Number of protein chains: 2
Amino acid sequence: MPATIRDVARLAGVSPSTVSRALSMPEMVNAATRARVAAAVEQLGYQPNRAARGLITGRTGNIGLVVPDLANPFFASVAKGVQARARRYDVAVFVADTDEDAAAEVGLVRALAKQVDGLILCSPRASDADLSAIAQDTNVVLVNRTAEGVPGIIYDNEGGMRQAVAHLVALGHRKIAWVGGPVTSWSTQHRTLGLSNALYDHGAELARVGSFAPTYEGGMAAADQAVATGATAVVTYNDLVAIGLLARLHARGISVPGDVSVVGIDDIAMSRMARPALTTVRLPKQEAGRIAVELLLAVLDDPDPGTAIGTRGTLHGELIVRDSTGPAPQP
Amino acid sequence: MPATIRDVARLAGVSPSTVSRALSMPEMVNAATRARVAAAVEQLGYQPNRAARGLITGRTGNIGLVVPDLANPFFASVAKGVQARARRYDVAVFVADTDEDAAAEVGLVRALAKQVDGLILCSPRASDADLSAIAQDTNVVLVNRTAEGVPGIIYDNEGGMRQAVAHLVALGHRKIAWVGGPVTSWSTQHRTLGLSNALYDHGAELARVGSFAPTYEGGMAAADQAVATGATAVVTYNDLVAIGLLARLHARGISVPGDVSVVGIDDIAMSRMARPALTTVRLPKQEAGRIAVELLLAVLDDPDPGTAIGTRGTLHGELIVRDSTGPAPQP
DNA sequence: TTGAAAGCGCTAACAA
DNA sequence: TTGTTAGCGCTTTCAA
């Protein structure tokens with residue numbers, strides 16, 4: 001049986017409210033009393049019951065994080081960032097894995113919403129309509145997705161694509177294949193657009209392939225179509241796809257970067273272990289998690305939707321050049 | 001403002017207690033009233049406040065999961081398994097990442113303990129003493145670790161090592177190097193023992209190397225020492241280490257499996273993407289998470305420590321043969 | 001089968 | 001500066 005505030009009060013010879021104050025607004029209580037309370041707390045190993053506190057303050061001190069797939073290293077990193085920052089603020093984190101299922105996502109969000117002060121939705125698969133509905137009656141911060149009037153963090157996909165293209169063009173590539181991810185994915189749309197714009201600016205040619213699943217298997221499936229376009233370089237939706245593509249090219253005896261260059265996006269840990277090590281656009285993953293927490297906490301302190309609309313962070317990617325890109329082959 | 005039980009009661013024309021009963025013990029309430037309540041619940045989108053319920057029942061419907069590092073694919077998989085099973089029971093999961101820090105672990109556990117019905121501790125780094133103290137006043141299930149009188153799931157490390165050895169011996173290997181993980185790691189001890197026993201049974205020789213960090217870098221560091229032993233095969237603490245080792249061997253121009261065979265443990269997703277694809281002992285990761293939830297729920301229903309002691313599951317590994325193992329080279 | 005009342009652990013007015 | 005009182009949303013005796 002854990003100690004309650006009354007146990008502490010009795011031991012310290014004060015009233016429960018004094019204990020409460022000593023803990024949450026120490027400056028409003030006499031130093032001597034404060035010390036007695038502190039001693040009693042120490043002796044009893046007292047820790048306030050957050051649920052009870054939440055009942056009355058309306059703040060639970062808990063937040064929720066919803067991701068499509070924890071086994072995906074990208075989301076695992078974001079989750080780690082969220083954890084780290086939440087811990088600093090003494091906030092506990094519910095994590096829910098939706099298994100890439102939009103319906104499950106909505107259900108989990110509804111269930112969690114009652115128990116937390118706010119929710120971080122990372123790359124949510126739900127429809128814009130569902131998302132807006134959720135944001136209506138819950139404090140929400142979006143990561144890797146935008147929605148009307150909902151604060152969030154996004155990556156500068158256009159900028160990342162521009163860096164990748166500049167690199168490839170400098171190497172002499174003039175026709176570049178793009179292996180897109182899920183059509184419904186917000187990132188796919190923006191990356192496609194960014195790539196297309198950057199290539200246009202350089203007077204280079206884009207060859208679209210896909211969409212394919214954002215997985216290793218997706219990459220294997222995409223490889224043959226990508227080379228069939230005659231492109232000398234391939235940019236993929238993410239690193240997992242790039243690595244699958246690498247495997248298939250290797251199996252077919254196509255040399256990377258000799259015959260074709262490959263660029264991924266994300267920079268997951270696996271990428272530098274690939275052979276050849278993967279050139280990729282590094283996205284700050286843990287940082288996204290950390291900022292999301294900051295943003296959410298800010299929203300909680302000022303839930304005015306007017307302010308929230310302006311609260312949107314953009315994170316920039318960084319091109320990491322490794323061994324999978326090289327000069328375009330001479331025809 | 002979410003609907004409360006009183007709103008539902010008013011709308012249904014009954015008392016709050018009747019609503020409560022209709023929801024948690026439906027058979028004790030008239031079918032007609034039950035229907036009215038159900039309608040009101042539906043109309044208001046009512047969802048009971050778990051915190052309030054927990055205050056009185058002593059059960060929150062939440063559990064906690066504590067892992068050393070979410071970015072480690074092994075733990076991410078366990079977490080995913082926990083999620084999936086918890087969802088089935090309508091239980092929400094707090095996740096805490098300790099960053100491989102034993103002190104942080106104890107702190108996080110203490111903080112979480114008050115908010116949950118029970119805790120799943122996966123590969124905890126805390127001392128036996130701390131662990132026992134925690135288990136004293138909290139419902140705990142251990143994964144990948146044992147402690148006196150605490151229920152848990154472990155892997156059959158000995159059995160896994162026996163399979164790996166049988167495979168290598170059949171390929172003609174007579175001297176096998178073992179790259180151990182952290183000395184304080186429970187698994188390291190059991191894997192070392194299992195390997196040693198299995199080799200003894202086959203009349204083969206063990207060459208110990210390490211310990212090394214359980215990471216890609218650890219594997220790179222271990223590679224040279226492992227080959228210097230003159231062993232024709234290497235077994236590593238986990239797949240990450242094996243993949244790092246593979247990279248270093250490749251850099252040195254040592255052929256796998258031509259010159260030396262390599263076996264990992266875990267079967268993380270990355271392993272089949274390695275080149276050569278990694279032979280490994282697959283550990284059922286998500287299943288460990290699922291069983292841990294079942295175990296914890298069972299403990300909650302019957303917190304008798306006498307029963308708990310008997311409650312220990314063992315999961316078996318499965319040898320997955322890929323391209324990193326082959327016949328021992330002829331001298 | 002239903003309702004009234006008490007109370008879970010805590011905080012926030014309001015008095016003192 | 002401190003204590004008293006009321007009540008957050010819910011469940012659970014106890015009566016009716």
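Hydrogens, waters and symmetry mates are skipped; everything else that's a heavy atom, side chains included, is used. Note that the structure is a prediction, hence the values are computed from the model and not measured. Proteins get letters first, then strands, A, B, ... in listed order; numbering begins at 1 in each.
Atom pair Ile56(B):CD1 and dA5(C):P shows a separation of 16 Å (rounding to whole Å applied). Regarding Ile5(B), its CD1 atom lies at a distance of 12 Å from the P atom of dG3(C), rounded to whole Å. As rounded to whole Å, 16 Å separates atom P of dG9(D) from atom CG of Leu23(B). When rounded to the nearest whole Å, the span between CG of Asp117(B) and C1' of dC8(C) equals 15 Å. Residue Met28(A) contributes atom CE, which lies 13 Å from atom C1' of dT11(C) at whole-angstrom precision. Arg50(A) places its CZ atom 18 Å from the C1' atom of dC8(D), with the value rounded to the nearest Å. What separates CZ of Arg59(B) from P of dT11(D) is a distance of 14 Å, to the nearest Å. Counting to the nearest Å, the P atom of dC10(D) and the CZ atom of Arg6(B) are 10 Å from each other.
Electrostatic pairing of Lys80(A) and Asp69(B) counts as a salt bridge here, judged by a charged N lying under 4.0 Å from a carboxylate O. A salt bridge between Arg50(A) and Asp90(A) is present, with a side-chain N of the basic residue lying under 4.0 Å from a carboxylate O of the acidic one. In this structure, Asp301(B) pairs ionically with Arg59(B), as a charged nitrogen and a carboxylate oxygen lie closer than 4.0 Å.
Using a 4.0 Å cut-off, some side-chain N or O of Thr18(B) falls inside it from OP1 or OP2 of dG3(C). The phosphate of dT2(D) (OP1 or OP2) has a side-chain N or O of Thr33(A) nearer than 4.0 angstrom.
Comparing dC10(C), dC8(C), dT11(C) by their nearest atom to the side chain of Thr4(A) picks out dC10(C). Closest to the Asn49(A) side chain, of the nucleotides dC10(C), dG3(D), dT11(D), is dC10(C). The nucleotide whose nearest atom lies closest to any side-chain atom of Leu55(B) is, among dC8(C), dA12(C), dC10(C), dC8(C). In this structure, of dC10(C), dA4(C), dC10(D), it is dC10(D) that holds the atom nearest to the side chain of Tyr46(B). The side chain of Asn30(B) has dT1(C) as its nearest neighbour among dT11(D), dT11(C), dT1(C).
Counted by atom type alone, Asn62(A) and Gln115(B) present one or more donor-acceptor pairs between their side chains at under 3.5 Å. Ser20(B) and Ser17(B) share no side-chain donor-acceptor pair at under 3.5 Å.
Residue Ser17(A) is classed as a base contact, given a heavy-atom separation below 4.0 Å to a base. Note on Ser24(A): nothing from the nucleic acid sits closer than 4.0 angstrom, heavy atoms only.
Residues Val95(A) and Gln83(A) share a closest heavy-atom pair of CG2-NE2, 4.0 Å.
Counting only residues at least two apart or in different chains, ring-ring contact (aromatic ring centres under 6.0 Å, His included) contacts with residues 36-91 of chain B are absent.
Between Ala52(B) and Val19(A), the residue anchored nearer the 5' end of DNA chain C, judged by the nucleotide with its closest heavy atom, is Ala52(B). When each of Arg21(B) and Gln47(B) is assigned the nucleotide of DNA chain D with its nearest heavy atom, Gln47(B) is the one assigned upstream, toward the 5' end.
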>> Taking Watson-Crick (N1-N3 plus N6-O4 or O6-N4) and G-U wobble (N1-O2, O6-N3), each under 3.5 Å, can you produce the dot-bracket string of DNA chain D? Use [ ] for crossing pairs and | for inter-strand ones.
In response: ||||||||||||||||
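Using a 4.5 Å heavy-atom cutoff, the side chains of Pro124(B) and Leu131(B) are in contact.
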